[in-house]
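Note on naming: letters A, B, ... go to the chains in the order of the sequence lines (proteins, then strands), and numbering restarts at 1 for each one.
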Protein chains: 2
Amino acid sequence: MPLYTASSLKAELNSKGWRLTPQRETILHVFQNLPRGNHLSAEELYNVLHKRDEQISLSTIYRTVKLMARMGILRELELAEGHKHYELNHPYPHHHHHLVCVQCNRTIEFRNDTILKQGVKQVDKMGLELIDCQLTIHTICPEALRRGWPAMLPSNWACSRAIAQTEELEEDLSEN
Amino acid sequence: MPLYTASSLKAELNSKGWRLTPQRETILHVFQNLPRGNHLSAEELYNVLHKRDEQISLSTIYRTVKLMARMGILRELELAEGHKHYELNHPYPHHHHHLVCVQCNRTIEFRNDTILKQGVKQVDKMGLELIDCQLTIHTICPEALRRGWPAMLPSNWACSRAIAQTEELEEDLSEN
DNA sequence: TTATCTGCAAACCATTTGCATGGCT
DNA sequence: AGCCATGCAAATGGTTTGCAGATAA
């Protein structure tokens with residue numbers, strides 16, 4: 001299931017003059033063990049590591065995560081939360097895309113093989129190499145629509161999904 | 001050709017309790033008159049307006065551009081340059097997607113009707129409303145590949161496309 | 001008239017960077 | 001040994017926000 005073992009990661013890094021460090025290996029493992037559908041921001045990754053007493057500096061996290069994204073190991077997601085998220089770049093058939101509500105920022109994953117095929121076709125046509133291919137669909141959820149969206153009332157309005165999301169977050173935080 | 005006239009924009013804004021201001025009208029016009037394939041960051045838009053002596057504050061630009069993106073009038077692009085770009089959200093058949101080189105950040109537009117169709121299908125299936133649908137393909141250009149990419153040497157390496165891009169930029173700047 | 005909008009300046013905050021130390025190969 | 005990587009702290013820079021005055025509706 002893991003796409004990379006320590007040694008295959010090492011080989012790929014070394015082939016470019018880079019090194020396999022404990023930090024890089026640890027970070028890869030975190031992503032490999034992340035339940036499918038989850039993605040982490042740099043800070044979230046930092047916190048996950050802290051709980052495990054495997055402390056890695058934020059700088060290193062930012063550097064590693066960007067390196068791995070450029071290598072095609074991770075995928076960089078821009079999902080409207082104001083910061084980037086990362087996840088393993090799964091190949092077919094686990095490759096997927098994202099749908100984001102512009103009001104509540106809730107993200108929904110979906111698979112669609114046709115899109116990946118079109119991406120590959122496009123890249124082939126131009127003689128390029130594909131690193132990542134992601135469709136992002138911006139929508140408004142039904143609840144927001146019902147309330148008369150678009151209405152930008154960030155301080156005193158949120159659709160029920162956004163509220164549910166906030167409550168979930170607060171529960172997570174209070175668990176510690 | 002323009003998707004919105006002053007009055008249709010006004011109608012859409014007013015229907016949500018918002019207002020048509022000279023600033024909003026001006027900003028829409030800038031995007032409507034932008035050659036197809038161009039996109040502007042907030043700061044670029046600010047500079048364009050300054051040259052025309054139609055000064056609008058950066059805050060207003062940020063607020064307007066975000067509002068219009070949430071309304072579906074503009075599209076927010078994340079093209080790896082470290083800041084967001086905006087362009088008119090053209091409907092079919094002018095709808096398009098982007099391809100970005102992870103080394104030189106050069107962006108190439110391409111059209112692919114199949115992808116938009118899949119996006120619409122996906123959203124319909126879930127009973128949602130589509131605001132925007134954009135495929136972003138990350139690649140490495142042939143020049144970067146030839147030089148042994150991936151190799152992260154930001155200070156002393158750039159593929160010829162990146163250099164060409166820089167030169168273009170410098171020419172643009174020296175024209176004033 | 002009143003709620004929205006603008007402009008300004010200050011605040012924010014995710015991300016980057018310089019540098020000295022540490023550690024792969 | 002030599003070069004790459006890490007950690008820390010400071011800097012960066014795009015974007016947001018509070019507030020008072022201006023202005024659509």
Which residue pairs pass the salt bridge (Lys or Arg N to Asp or Glu O under 4.0 Å) test when at least one of the two sits in residues 86-96 of chain A, sequence neighbours left out?
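Every salt bridge (Lys or Arg N to Asp or Glu O under 4.0 Å) pair that includes a residue of residues 86-96 of chain A, provided the two are not neighbours, is A:Arg75-A:Glu87.
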For [X], check side chain to side chain contact (heavy atoms under 4.5 Å, CB included) against everything at least two apart and list the hits.
X	result
A:Asn38	A:Leu34, A:Pro35
B:Asn14	B:Lys10
A:Ser41	A:Glu43, A:Glu44, A:His83, A:His85

Using rotation axes that map the C1' atoms of four end pairs onto the next four (five pairs an end), what angle separates the end axes of the helix from C:dT1-D:dA25 to C:dT25-D:dA1, to 10°?
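Computed from the C1' atoms at both ends, the axes differ by 50°.
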Annotated protein contacts, base or backbone, on nucleotides 15-25 of chain C with a non-hydrogen cut-off under 4.0 Å, one of B, S, - each:
BBBB----BBS
Classify the nucleic acid contact of B:Gln55 as base, sugar-phosphate or nothing, counting any heavy atom under 4.0 Å across all strands shown.
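If one applies the 4.0 Å heavy-atom cut-off, B:Gln55 turns out to touch the sugar-phosphate alone, with no base involved.
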Test ring-ring contact (aromatic ring centres under 6.0 Å, His included) applied to [X] - qualifying residues, sequence neighbours left out:
X	answer
B:His90	none
B:His29	none
A:His97	A:His95, A:Phe110
A:His98	A:His96

Short side-chain donor-acceptor distance under 3.5 Å, A:Gln55 and A:Tyr46
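Their side chains do not contain a donor-acceptor pair, so the 3.5 Å distance test is not met.
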Considering only heavy atoms of chain A and a distance under 4.0 Å, specify the first and last nucleotide of DNA chain D in 5' to 3' order that meet this criterion.
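First and last nucleotides in contact are D:dG2 to D:dA9.
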All pairs passing ring-ring contact (aromatic ring centres under 6.0 Å, His included) where residues 113-136 of chain B contributes a residue, at least two apart:
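Qualifying pairs, neighbours excluded: none.
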Output the rounded distance in Å from CG (B:Leu67) to C1' (C:dT6).
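These atoms are roughly 14 Å apart.
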